[in-house]
*Asks:* 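For reference, the structure I am asking about is given below.
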Protein chains: 2
Amino acid sequence: MTAKTTTGPTQAPAVPAGVARLDQQLCFALYSASGLMTKLYRPLLEPLGLTYPQYLAMLVIWEKAPRTVGELGEALGLDSATLTPLLKRIEAGGLVTRRRDAADERRVLVEPTAKGQALREQAKSVPAALACQLPLEPGELKSLHGTLTRFIGELRKAAAASPDGD
Amino acid sequence: MTAKTTTGPTQAPAVPAGVARLDQQLCFALYSASGLMTKLYRPLLEPLGLTYPQYLAMLVIWEKAPRTVGELGEALGLDSATLTPLLKRIEAGGLVTRRRDAADERRVLVEPTAKGQALREQAKSVPAALACQLPLEPGELKSLHGTLTRFIGELRKAAAASPDGD
DNA sequence: TACTAAATAATCGTGTACAATTTAAATGGA
DNA sequence: TCCATTTAAATTGTACACGATTATTTAGTA
């Protein structure tokens with residue numbers, strides 16, 4: 001059903017050939033898988049008082065702090081319009097502090113509080129708990145992850161190359 | 001607290017071992033890849049006046065109509081809280097109609113208008129245009145898609161089995 | 001020094017997402 | 001027939017997500 005010319009004189013079939021079926025689209029597969037994974041995380045993160053994007057932000061902050069908003073955005077692929085309110089929420093929850101960098105007043109430094117550090121201990125059990133629920137073989141997960149990582153690298157290059165459709 | 005006792009006499013390494021590094025997480029890879037793909041679609045969909053979720057909804061509607069809100073939600077993995085406003089927006093754009101099913105007044109039937117059908121022709125070029133920008137070999141894409149599809153099927157089962165953490 | 005350009009967050013407006021609740025309609029008994 | 005139960009959408013409240021703009025600060029340069 002691929003090599004059809006569809007330029008014949010007769011009425012073209014009113015067709016699945018033109019618009020790809022939803023379930024055949026890689027993009028939709030990524031979209032669905034991402035949403036389902038977020039749902040799997042939810043019950044694990046709820047006891048910690050974190051949403052999934054907040055958990056990702058905390059992972060980056062735990063890894064190295066203080067970090068600027070820009071650095072967090074780089075690591076997470078998010079911009080300040082998304083991060084600023086998210087960081088304000090976890091600040092309101094007492095997990096991080098935000099302060100202007102005295103050396104460069106344009107920057108805002110984000111750092112975990114004692115409570116934020118303590119949460120790290122609880123959070124350690126999350127990846128293992130989640131892994132138990134993943135339905136693929138470890139080898140397959142590894143392979144999937146590897147392919148995705150390469151894919152993401154290429155997509156980022158592509159996005160950087162034509163951010164504007166130039 | 002799976003294998004490591006962490007009660008050893010020496011200071012446990014202050015470590016990447018506990019909290020998985022962000023770039024090693026499959027879940028984050030899915031999250032990033034999904035976001036990047038949406039960005040790739042944006043410039044292709046903008047001329048059509050559609051966002052990416054709206055495009056997905058139109059794909060389902062083009063495939064078979066009329067469809068109820070519930071059927072669309074099933075196909076897309078979204079619930080009425082997300083779909084109702086989305087459908088109202090594309091209705092406001094003149095692409096679909098929404099009406100109560102006379103046979104069962106609880107249901108709402110969604111159907112493309114003539115304008116919505118016409119848009120389908122323009123939309124046909126989108127998948128090919130996008131495919132050109134994808135950075136992996138066709139074989140790899142196929143394999144990635146296959147793995148994801150299986151993964152999604154299993155995740156859905158898992159989500160259905162314990163929607164509640166029972 | 002004064003003045004432009006670049007960098008950095010924050011803000012604004014629109015559009016998803018989802019849990020929980022509400023409203024309305026259909027269904028299945030007593 | 002009447003009523004409890006179930007089903008289907010819509011609504012409410014909170015939280016992302018991003019394009020575009022704005023405000024502030026720093027850096028660069030004549």
Side-chain angles (χ1 to χ4, degrees), chain A residues 28 31-43 45-46 49-58 66-74 76-93 98-110 159 163-165, chain B residues 28 31-43 45-46 49-58 66-74 76-93 98-110 159 163-165:
Chain A
F28 179 66
Y31 172 84
S32 296
S34 177
L36 286 165
M37 285 287 278
T38 300
K39 269 180 199 155
L40 264 190
Y41 268 99
R42 196 184 312 277
L45 295 178
E46 202 162 72
L50 293 174
T51 65
Y52 180 62
Q54 287 168 7
Y55 170 68
L56 293 179
M58 288 307 295
R67 298 274 266 256
T68 68
V69 172
E71 286 167 347
L72 296 177
E74 173 71 19
L76 295 165
L78 300 173
D79 69 3
S80 69
T82 301
L83 275 175
T84 297
L86 185 154
L87 293 170
K88 282 181 177 177
R89 280 187 287 270
I90 59 181
E91 182 186 35
R98 297 185 321 126
R99 58 183 159 80
R100 288 282 165 182
D101 183 345
D104 183 343
E105 290 281 347
R106 290 173 303 183
R107 298 169 188 267
V108 166
L109 298 174
V110 180
D164 191 35
Chain B
F28 179 66
Y31 171 84
S32 296
S34 177
L36 287 164
M37 285 288 277
T38 301
K39 268 181 201 158
L40 263 189
Y41 267 99
R42 196 185 311 277
L45 295 178
E46 202 162 71
L50 293 175
T51 65
Y52 180 62
Q54 288 169 4
Y55 170 67
L56 294 179
M58 288 306 296
R67 298 273 267 256
T68 67
V69 172
E71 287 167 347
L72 297 178
E74 174 72 19
L76 295 165
L78 299 173
D79 68 2
S80 70
T82 301
L83 275 175
T84 296
L86 185 154
L87 292 170
K88 282 182 176 174
R89 280 187 286 270
I90 60 181
E91 182 186 36
R98 296 184 322 127
R99 60 185 158 80
R100 289 279 166 185
D101 184 345
D104 184 343
E105 291 279 345
R106 291 172 305 181
R107 298 169 187 267
V108 166
L109 298 175
V110 181
D164 192 35

*Asks:* Restricting both atoms to N or O, compile the protein contacts to nucleotides 10-12 of chain C shorter than 3.5 Å, with distance only.
*Replies:*
{"from": "C/dA10", "atom 1": "OP1", "to": "A/Arg98", "atom 2": "NH1", "distance (Å)": "2.9"}
{"from": "C/dA10", "atom 1": "OP2", "to": "A/Thr84", "atom 2": "OG1", "distance (Å)": "2.6"}
{"from": "C/dA10", "atom 1": "N7", "to": "A/Ser80", "atom 2": "OG", "distance (Å)": "2.8"}
{"from": "C/dT11", "atom 1": "OP2", "to": "A/Lys88", "atom 2": "NZ", "distance (Å)": "2.7"}

*Asks:* Contact boundaries of DNA chain D with chain A (under 4.0 Å, heavy atoms), 5' to 3'?
*Replies:*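 First and last nucleotides in contact are D/dA15 to D/dT26.
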*Asks:* Quick check: on DNA chain D, is the nucleotide nearest B/Glu46 upstream (toward 5') of the one nearest A/Pro53, or the reverse? Name the residue that is more 5'.
*Replies:*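 Counting from the 5' end, the first nearest nucleotide belongs to A/Pro53.
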*Asks:* Listed by chain and number, what are the salt bridge (Lys or Arg N to Asp or Glu O under 4.0 Å) partners of B/Arg42, not counting sequence neighbours?
*Replies:*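 Testing B/Arg42 for salt bridge (Lys or Arg N to Asp or Glu O under 4.0 Å), a comparison that skips the adjacent residues, returns none.
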*Asks:* Can you give me the N/O atom pairs linking the protein to nucleotides 26-28 of chain C at distances under 3.5 Å, or say none if there are none?
*Replies:*
{"from": "C/dA26", "atom 1": "OP1", "to": "B/Glu105", "atom 2": "N", "distance (Å)": "2.9"}

*Asks:* For A/Glu91, check salt bridge (Lys or Arg N to Asp or Glu O under 4.0 Å) against everything at least two apart and list the hits.
*Replies:*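 Counting only residues at least two positions away or on another chain, A/Glu91 forms a salt bridge (Lys or Arg N to Asp or Glu O under 4.0 Å) with A/Arg98.
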*Asks:* Figure out the CZ/P separation between B/Arg42 and C/dT16, and round it to whole Å.
*Replies:*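 B/Arg42 atom CZ is separated from C/dT16 atom P by 11 Å.
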*Asks:* Quickly work out the A/Arg107 CZ to C/dA9 P distance and round it to whole Å.
*Replies:*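 It works out to 7 Å between those atoms.
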*Asks:* Heavy-atom distance under 4.5 Å between the side chains of B/Thr51 and B/Thr38, does that happen here?
*Replies:*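 They are not in side-chain contact.
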*Asks:* Under the side-chain hydrogen bond (donor to acceptor under 3.5 Å, both in side chains) test, which residues partner A/Tyr41, sequence neighbours left out?
*Replies:*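 Scan of A/Tyr41 (side-chain hydrogen bond (donor to acceptor under 3.5 Å, both in side chains), adjacent residues dropped) gives B/Gln25.
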*Asks:* Starting at atom CD1 of B/Ile90, determine the distance to atom P of C/dG15, rounded to an integer number of angstrom.
*Replies:*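 Checked: the CD1 to P distance equals 12 Å.
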*Asks:* I need the minimum non-hydrogen distance between B/Leu83 and B/Val69, along with the two atoms involved.
*Replies:*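 Reported closest heavy-atom pair: CD1-O, 3.7 Å.
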*Asks:* Using the side chain to side chain contact (heavy atoms under 4.5 Å, CB included) criterion, which residues pair with A/Arg107? Sequence neighbours excluded.
*Replies:*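 Checked A/Arg107 against side chain to side chain contact (heavy atoms under 4.5 Å, CB included); matches are A/Thr68, A/Asp101, A/Asp104.
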*Asks:* What do you reckon, is CD of B/Glu105 surrounded by more than 12 foreign heavy atoms closer than 6.0 Å?
*Replies:*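 Yes - once you tally the heavy atoms of other residues, nucleotides and ligands closer than 6.0 Å, there are more than 12.
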*Asks:* For B/Ala57, what residues pass the side chain to side chain contact (heavy atoms under 4.5 Å, CB included) criterion, not counting sequence neighbours?
*Replies:*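 If we apply the side chain to side chain contact (heavy atoms under 4.5 Å, CB included) test to B/Ala57, skipping adjacent residues, the hits are B/Leu76, B/Leu86.
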*Asks:* Within this structure, what is the CD-to-C1' distance between A/Glu71 and C/dA7, rounded to whole angstrom?
*Replies:*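 About 14 Å, once rounded to whole Å.
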*Asks:* Once rounded to the nearest 0.5 Å, what's the spacing between atom CD of A/Gln54 and atom CD1 of A/Ile90?
*Replies:*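 These two atoms lie 6.5 Å from each other.
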*Asks:* Give the rounded distance in Å between these two atoms: CG of A/Leu72 and C1' of C/dT8.
*Replies:*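 One finds 13 Å between C1' of C/dT8 and CG of A/Leu72, rounded.
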*Asks:* Measure CG/A/Leu78 against C1'/C/dT8 and give the value in whole Å, please.
*Replies:*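 A/Leu78 atom CG is separated from C/dT8 atom C1' by 16 Å.
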*Asks:* Find out whether A/Tyr55 and B/Phe28 are in side-chain contact, i.e. whether some heavy atom of one side chain is under 4.5 Å from a heavy atom of the other.
*Replies:*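 Counting from C-beta outward, A/Tyr55 and B/Phe28 never come under 4.5 Å.
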*Asks:* I need the CG-C1' distance between A/Asp79 and C/dA7, as an integer number of Å.
*Replies:*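 Rounded to whole Å, this separation is 15 Å.
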*Asks:* Quick one: list whatever passes salt bridge (Lys or Arg N to Asp or Glu O under 4.0 Å) with A/Arg100, sequence neighbours left out.
*Replies:*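 Residues passing salt bridge (Lys or Arg N to Asp or Glu O under 4.0 Å) with A/Arg100: none at all.
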*Asks:* Quick check on DNA chain C: between A/Gly35 and A/Thr68, whose nearest nucleotide comes earlier from the 5' end?
*Replies:*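 Mapping each residue to its closest nucleotide by heavy atoms, the 5'-most match is A/Thr68.
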